[in-house]
Amino acid sequence: MSLDLLVLAPHPDDGELGCGGLLARAKAEGLMTGILDLTRGEQGSKGTPEQRAQEVERASQILGLAYRGNLGFPDGGLADLAEQRQPLAEALRELRPAVVLIPWEADRHPDHRAAFALGRSAVHLAALRNAPVAGAPHRVKRLLCYPGNDPVLPHLVVDISSFIELWEAAVRSYESQFSGPAVSETVGPAGVEGRKALRRYWGQVSGVDYAEPLVSLLPLLGVPWF
């Protein structure tokens with residue numbers, strides 16, 4: 001498999017929340033898209049791993065993903081260590097994505113911060129010819145970051161105005177997280193509305209209806225391929 005776009009998500013629903021509109025747009029433009037969840041979210045305050053697995057299926061169908069996987073790392077225990085870095089690098093070599101999106105490092109959630117470091121290291125490791133990783137070396141063309149719980153100053157915003165309904169439908173597939181009593185500012189009904197409002201803000205300042213912000217670790221050369 002050679003994916004055009006792969007999102008690394010610390011927990012089920014993080015990929016949809018962070019850049020689900022971009023995934024929907026990429027699919028509509030004929031690109032091969034996927035999400036690789038790093039954990040099953042078993043420590044979440046709401047829902048069970050079994051419930052969340054069913055929600056993952058619904059969200060993946062809505063977004064038309066070509067691939068959805070889960071590495072089963074411990075929820076609450078993500079870390080840039082060899083025992084996690086190597087399996088992730090192996091997955092990258094198998095999926096061979098052109099562009100990888102990882103969580104932005106500024107975030108109140110330790111797993112999100114760890115996923116940034118882990119994802120960046122695994123992308124590097126996957127490209128090394130002599131690394132102790134199964135599969136042929138693979139170098140991604142572009143590494144970008146999507147926001148989580150903390151605000152960002154983006155280097156790039158992507159117009160998702162035509163895909164905001166698909167984004168919301170995919171996020172609301174996670175009923176265990178976004179219905180019933182709230183347990184935080186993001187887990188509960190207001191979490192969806194808050195993320196939608198952020199997309200409206202970035203759309204407004206960019207001259208469109210809705211947009212998703214992204215951060216680049218390196219200068220962006222030319223027009224982004226998506």
Problem - Test item: N149 side-chain N/O and D107 main-chain N/O as donor-acceptor pair under 3.5 Å - result: no
Practice task
Please collect all ring pair (Phe, Tyr, Trp, His ring centres under 6.0 Å) contacts where either partner lies in residues 76-134, sequence neighbours excluded, each pair once.
Solution key: H11-H109, H11-H112, W104-F116, H109-H112
Handout entry: Transitive ILVMFWY side-chain link L63 to V7, under 4.5 Å
Key = yes
Handout entry: ring pair (Phe, Tyr, Trp, His ring centres under 6.0 Å) contacts touching residues 144-173 (sequence neighbours left out)
Key = none
Exercise for the section: Look up atom OG in S176 and atom CD in E50, then write down how far apart they are to the nearest 0.5 Å. Expected result: 11.0 Å
Fill in the blank from the handout: The salt bridge (charged side-chain N to carboxylate O under 4.0 Å, His left out) partner of E168 among K196, R200, R195 is K196
Completion exercise
Exactly one candidate in P151, P147, S206 meets side chain to side chain contact (heavy atoms under 4.5 Å, CB included) with P213; the answer is P147
Practice task
Decide whether L143 and L218 are clustered together by the hydrophobic rule: side chain heavy atoms of Ile, Leu, Val, Met, Phe, Trp, Tyr closer than 4.5 Å, transitively.
Solution key: no
Handout entry: Pairs satisfying side-chain hydrogen bond (donor to acceptor under 3.5 Å, both in side chains), at least one member in residues 82-100, at least two apart
Key = D80-R85
Problem - Flag, side chain of D75 to backbone of R40, donor-acceptor distance under 3.5 Å - result: no
Problem - Salt-bridge contact R52-D13 (side-chain N to carboxylate O under 4.0 Å) - result: yes
Practice task
Begin from the C-alpha positions of L38 and L118 and carry the test side-chain contact (heavy atoms from CB on, under 4.5 Å) through to its verdict.
Solution key: CA-CA 10 Å; L38 302 180; L118 174 60; 4.3 Å; yes
Handout entry: Donor-acceptor contact present, side-chain N70 to main-chain T39, <3.5 Å
Key = yes
Practice task
Report yes or no: does D111 contribute a side-chain atom to a donor-acceptor pair with the main-chain N or O of L78 at less than 3.5 Å?
Solution key: yes
Handout entry: ILVMFWY cluster, V192 and V56 together (side-chain gap under 4.5 Å)
Key = yes
Practice task
May I have all residue pairs that pass ring pair (Phe, Tyr, Trp, His ring centres under 6.0 Å) and include part of residues 56-97, sequence neighbours excluded?
Solution key: none
Handout entry: From D37 atom CG to S60 atom OG, the distance as rounded to the nearest 0.5 Å
Key = 7.5 Å
Problem - ILVMFWY cluster membership beyond V208 - transitive side-chain contacts under 4.5 angstrom - result: none
Handout entry: Donor-acceptor pair, side chain of T48 and main chain of Q51, under 3.5 angstrom
Key = yes
Exercise for the section: In sequence, state the C-alpha distance, the side-chain angles, and the governing distance for I35 and L65, and then conclude on side-chain contact (heavy atoms from CB on, under 4.5 Å). Expected result: CA-CA 8 Å; I35 297 177; L65 300 181; 3.9 Å; yes
Handout entry: Hydrophobic cluster membership, L36 vs L101, 4.5 Å side-chain cutoff
Key = no
Practice task
Run the numbers on L220 and L156 for side-chain contact (heavy atoms from CB on, under 4.5 Å), then give the verdict.
Solution key: CA-CA 9 Å; L220 293 171; L156 170 70; 3.9 Å; yes
Completion exercise
Sorted by chain and number, sequence neighbours left out, side-chain hydrogen bond (donor to acceptor under 3.5 Å, both in side chains) with Y174 holds for E16, R68
Problem - L81-V123 co-clustered via ILVMFWY side chain contacts under 4.5 Å - result: no
Exercise for the section: Could you tell me whether a side-chain N or O of E212 sits under 3.5 Å from a main-chain N or O of G21, the two making a donor and an acceptor? Expected result: yes
